[in-house]
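All chains are named by letter (A, B, ...) in the order of the sequence lines, taking the proteins before the strands, and each is independently numbered beginning at 1.
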Amino acid sequence: MSESVDRNRLRAYTNARVALRSAGMSLATSELLDMALCLAEARDAVHTQLSTVTLVPQLASSGLEVFSVRSAAGGRGEYLRRPDLGRRLSAESRAALEGACEPTQGQNRALSGAPRPGRLAVVVADGLSAVAVERHAVPVLDVLLPMLADWRVGPVVVAEQARVAIGDEIGEVLGAVATLLLIGERPGLSSPDSLGAYITWAPRVRRSDAERNCVSNVRPEGLGYDRAARKIAGYLNRAQRLQLTGVALKEESALLED
Amino acid sequence: MPYRHTIRGISYAFEDLRTLLAKASPPRSGDDLACISAASAAERVAAQMALADLPLAEFLSRAVIPYEEDEVTRLILDSHDCAAFAPLASFTVGEFRDWLLGEEASGDLLSGLAGAFTPEMVAAVSKLMRIQDLVLVARKVRVVTRFRTTVGLPGTLCSRLQPNHPTDDPTGIAASILDGLLLGAGDAVIGINPVSDNVATVTTLLRMVDRIRERYEIPTQSCVLAHITTQLTALERGAPVDLLFQSIGGTEKTNTSFGVNLALLDEAYEAGLDLRRGAICADGTVGQNVMYFETGQGSALSANAHHGVDQQTCEARAYAVARRYQPMLVNTVVGFIGPEYLYDGKQILRAGLEDHFCGKLLGLPMGCDVCYTTHAEANDDDLDTLMTLLGVAGVNYIMGVPGADDVMLNYQSTSFHDIAYLRSALGLRPAPEFEAWLERGVRRQLSMQGLLNA
């Protein structure tokens, strides 16, 4: 039958799960078990703890100062139920970060009239996939950092049990003019390790998501490191010029791409 | 005025109507997150008992969100059909439940009363219902809509073919469309969620689906689910728009967060009707339902726009927005929002059936995106349970995603195989126009080459 022949070829055109083998009208055993494995990997990615022991030295090797912080969410269960806690630093982490960066804040106050470039705080957050962060954060930064000549980059803050908005508080405490946050995205069956990058100008607690820009699906099978880094650098450099991020910057970017 | 109920000498007080509704809600993580849920299991039942004694008419005299502050409240109260409500005016919420379950409340009668019900009334009564009640009452009500196919007829189950692709690649999307058509999916709509919300993408994809539909004479309709303003611009520039889509919520502020309001939706509805792209359907009438809405419990809280109203009542209020436009399709995307709103399979199951029940009573052609995300405590067994119960409850349509794995939106929905399962297990058939097309055997002529060169 022509249709079955054609169905088998469909996989060449998309990574969607087309042309699955059937048993009767249901899924064949091998397909069922393949899906079960993908779900298991995605579920494991959600519940795996970020290996800061490995990640922190890797990040430090690029010469940047690295801090480790935790959100206000106690554990994974609380993290999943209480997104508000994942958006804020724990009291302990906030105090530690404030203590660590007092000289920085002084410099930044002096910055208002000075020609020094603005500070870009980099946050590496576990989000919903520690696996994504462990695999892709360092390779992306390796490509990206040389593109950021107009920025004073650092420190890098590794945040556990963290959601996107934690970058606002971290950036605020560090006195940064912008935050770049790399975070593990919600794993899908076909992408347990997708990394997201969020760029926020003038990070402050209670910024809305409409005030940031996002580069999504960063991983070799999705948006590769080079293209992702160029997109991120493009957003950052336009943000620096326009002194903003969010919907207005996105519209400008769309015009540029046209 | 506080509402009260006393159980064995312990008096429970609920300071206003929204508090009573929230405390009476079966447990879900979103209401916990909003800090409005019952503090104990006993308090929840006390609230349900107080709610059962509440006159239905109370919902007409007390708004959960002030009339002056919210255009959805104004829509609900201004469009209420008082004459149709008169025979129900003496009911309490508990008596309303009993009446709904009785023989007198036939499907035809309930359909005629849709305008008498407000979202708050149906949300309230659903909080006193078990799963089997939600199934049994919803099953009585058929809401039939038409564009090029007829969706919602008794004995049918339709499907949205959802061929999403992570880069909007037309070839990849065509491959998923082909797979879905071969497996009998796509009679509710071929509906694509684009990655890029721009006019060029919307137009490219609409043109492709339209050419495929015309070449193979497929009785169905298409939709690219960009923001409604993007779709309107595409429409003005001549893109072949069938259904106009928008995500909506149950409060004005939620809709503001989606970038829409009633005036904009009114404009879109008029523009859609003016196109007259519907066809003569199986019963000889021309399809004139042109809108498609998606909703989901938790969107109001997520937008910080819930006014202290529980997420299920907010969801039912979204249906008041939807029914203003006699939509072709409405579905809750029940497990998409994540575990902070619906924690696990049990909460998703109940929410899906509540949404279907409330939508049907309010006169909507309810479908359901039966789905979950990988960070919720759910798996495919939970989806099987919900889709089967919805099938029994007479859901108009479910989604068809290749392998149930949406590689663009990264969540698990229902698959082409699931649609085939449900039709087989419950003896349900596709939409009549689509079924006739399947029987004509045109499917055997489909090929990638054919679709791409259509």
With only heavy atoms counted, which part of [X] is less than 4.5 Å from chain B, the side chain, the backbone, both or neither?
X	result
A/Leu128	side chain
A/Ser190	both
A/Leu39	side chain
A/Met25	both

inquiry  = Measuring only between side-chain heavy atoms, which start at C-beta, is A/Arg81 closer than 4.5 Å to B/Leu33?
reply    = no
key: Flag side-chain contact, heavy atom, 4.5 Å: A/Leu80 against B/Ser29   = no
Quick check on [X] against chain A: is it the side chain, the backbone, both or neither that has a heavy atom closer than 4.5 Å?
X	answer
B/Ile173	neither
B/Ala376	backbone
B/His375	both
B/Pro166	side chain

inquiry  = Taking B/Thr374's backbone N and O only, do any of them form a donor-acceptor pair with A/Arg43's side chain (distance below 3.5 Å, no angle check)?
reply    = yes
query = Can you check whether B/Asn410's main-chain N or O pairs, donor with acceptor, with A/Arg186's side chain at less than 3.5 Å?
reply = yes
note = Most contact-rich option vs chain A, by heavy-atom pairs under 4.5 angstrom, among B/Tyr341, B/Phe416, B/Tyr343, is B/Tyr343
ask   = If you measure from OH on A/Tyr13 to CG on B/Leu452, what distance do you get to the nearest 0.5 Å?
value = 7.0 Å
task = Mind checking the CG-CD1 spacing from A/Leu10 to B/Ile177? Nearest 0.5 Å is all I need.
result = 11.5 Å
ask   = If you count heavy-atom pairs under 4.5 Å between each of A/Ala45, A/Gly222, A/Pro187, A/Ser191 and chain B, which one has the most?
value = A/Pro187
key: Residue selection (most heavy-atom pairs with chain B, distance under 4.5 Å) from A/Gly24, A/Ala210, A/Gly188   = A/Gly188
